[in-house]
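Just below is one structure, and these are the notes that go with it.
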Amino acid sequence: MGNRTPLAATLAANSISTAGTSLTLIGVPWFVLETTGSAGRAGVVAFCATLPIVVAALIGGPVIDRFGRRRTAVASDAVCAAAIAAIPLLHFAGVLDFWMLCALMALNGFSHTPGNTARYVLIPDLAEHAGTTLPRAASLFDAVSRGARMVGAALAGVLIAFVGAETVLLLDAATFGLSALLVAAGVRGVRAAEPRTAKAPVSLRAYGSELREGYAHLLGNRLLLAVVVMVMFMNGTDQGWNAVLLPVHAEGELSGAPSIGLLTALFGAGGLTGALLYGAVGHRFSRRAVFTVCVILCGAPRFLVAAVTGTTLPLAVTMLLGGVAGGVLNPILTTVIYERVPDRLRSRVSGALTAGCEFAMPVGGLAAGLLVEGAGATGALLAMGAVFFLATLSPLVFPSWRTLDDVPGAGAVQGLPGAGPVRVAPGAEAVRQVPGAEPAGPAPDAEPARPVAGAEPARPVAGAEPARPVAGAEPARPVAGAEAVRADLVRPQVSSSGPSRPTPGP
């Protein structure tokens, strides 16, 4: 049994931070609509809040490695707490201008991204530290995030109705502070969370080299590139939904902020259910088949239902079912990303993934605001829904998605040149190397190695080829006492699929 405290602290911090983000997601658009009455201005605020997210993701990967993942998460939440708290405090003082609101939301977006990335890339190491499997940890990470989003959304809807958007934003600031304290106190003794010793002194040349390395890895993997392009369009239209379309629809057709809270909470409840279901039984099914069905159902229907109905019940049912489908997606995506990115590149590649997946978000919020003012709410809902639906057809159209069911070989995990993914042979046990360990050489008739505290990883026997899975054969067993492989880190499946850091769905 490993030490589960760092994993539990990270999950708790992420859930609290996510709940606070849900308060912002509902509180800020409602605050703008209340104070300005303009959907266009709500779109401008959304643009200012999301553009810095993309910028931070584009350049932040090497900074996270050098500064340390734990320090980055703590500093990120501290800055976000100050930025969000300043909005209602300046408003109460009567000095909050519109440009100040835009600037504070930009600071929040720029600071929030590195902390999110830092917590996200720690999960494989924390899972190993806790003695649990990577797919289970990935599902748990997504499930608690969606549960927190559900609670935060429901709380926001109620609190806005009773105490106002300003108080909700103060509560949001408090959640960021609590998240920072949990990570600072709970994530200790994990080497991956601390600053990495730089191979070269800090310089623009070294920084650029590290940055290029992350982007080169992403651009060299067709599946990851396909994920980025699809989720980019999904997240862009989602931003338009969250920041403009849903608030405008709720204000004009439903019962205002409480309806937003209810609908977002139902989507979160469905997402939590979907993530837990996939964590429990998802390994029995094809990743690609499950992903293809769920990605089509998760988002586009809600745009259509909102466009053709003016009551809460049909949209509530659609949001709940869409949430269940959406909850399946991120555990799949997360597992596939972790499988295909070596630990030493994880922060940089995750930054590149986040930048790509969220690249369209600034345009999505701004476009939704302009569409509402130019074509009306119904026209904007139909246009944005069409874009979302077309994006989700990607797994049916592009060949790179066929590799969603492949399990990378040891060479792919280590990031060796020329190493590609291998499909698990029927009847063979899949093995995957612990990040940073050398591949074990096969030794006939030996018992399988189990993790032994303090044991050094087995190194390959001179001239020996690494073990390869063979149909119907027993897995190669390393020399007794060696700690080399963790079969539980990869699910032996014939097919499967895999944040933004894709994060499709609201």
Side-chain angles (χ1 to χ4, degrees), residues 11 14-15 18-19 21-23 25-26 135-136 138-158 230-231 234-235 237-242 245-247 249-250 254-255 257-282 285 287 289-307 309 311-335 381 384-385 388-389 391-392 395 497-500 502-506:
L11 291 175
N14 196 66
S15 64
T18 301
T21 301
S22 292
L23 299 179
L25 187 69
I26 296 174
R136 187 171 299 154
S139 294
L140 189 59
F141 183 84
D142 190 62
V144 297
S145 297
R146 290 182 179 274
R149 192 174 295 123
M150 172 187 67
V151 173
L155 193 60
V158 173
M230 182 191 72
V231 178
M234 293 171 67
N235 283 344
T237 49
D238 265 334
Q239 178 66 11
W241 169 267
N242 291 321
L245 298 179
L246 181 57
H249 181 68
L254 308 179
S255 58
S259 293
I260 300 176
L262 171 65
L263 293 170
T264 309
L266 286 172
F267 192 93
L272 174 61
T273 303
L276 291 175
L277 280 174
Y278 187 80
V281 300
F285 305 99
R287 287 185 191 175
V290 170
F291 188 90
T292 300
V293 172
C294 288
V295 78
I296 292 174
L297 297 177
C298 76
R302 68 178 183 266
F303 290 88
L304 178 61
V305 171
T309 66
T311 56
T312 302
L313 183 59
L315 186 55
V317 173
T318 304
M319 293 285 282
L320 178 63
L321 296 178
V324 174
V328 172
L329 303 181
N330 278 347
I332 295 174
L333 290 170
T334 299
T335 301
L381 284 165
M384 299 292 277
F388 197 108
F389 177 71
T392 59
S497 95
S500 150
T503 35

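Scope of the values below: all heavy atoms of this structure, side chains included, with no hydrogens, waters or symmetry mates. Quick caveat, the model's predicted, so the values are computed rather than measured.
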In chain order, what residues pass the side chain to side chain contact (heavy atoms under 4.5 Å, CB included) check against [X], with sequence neighbours excluded?
| X | answer |
| --- | --- |
| I296 | F389, T392, L393, L396 |
| L297 | V293, A325 |
| A306 | W241, H249, L315, L381 |

Could you please spell out the steps behind the side chain to side chain contact (heavy atoms under 4.5 Å, CB included) verdict for L254 and L263? CA-CA 11 Å; L254 308 179; L263 293 170; 3.9 Å; yes
Are side-chain heavy atoms of [X] and [Y] found at a separation under 4.5 Å?
| X | Y | answer |
| --- | --- | --- |
| N330 | F141 | no |
| V231 | L329 | no |
| V295 | M234 | yes |

Please report the shortest heavy-atom distance between [X] and [Y], naming the atom on each side.
| X | Y | answer |
| --- | --- | --- |
| F267 | M319 | CD1-O, 3.3 Å |
| G240 | M384 | CA-CE, 4.0 Å |
| M230 | A391 | CG-O, 3.2 Å |
| P331 | Y278 | CB-CD2, 3.9 Å |
| I260 | P247 | CD1-CA, 3.7 Å |

Taking atom CZ of R302 and atom CZ of F388, what is their separation to the nearest 0.5 Å? 5.0 Å
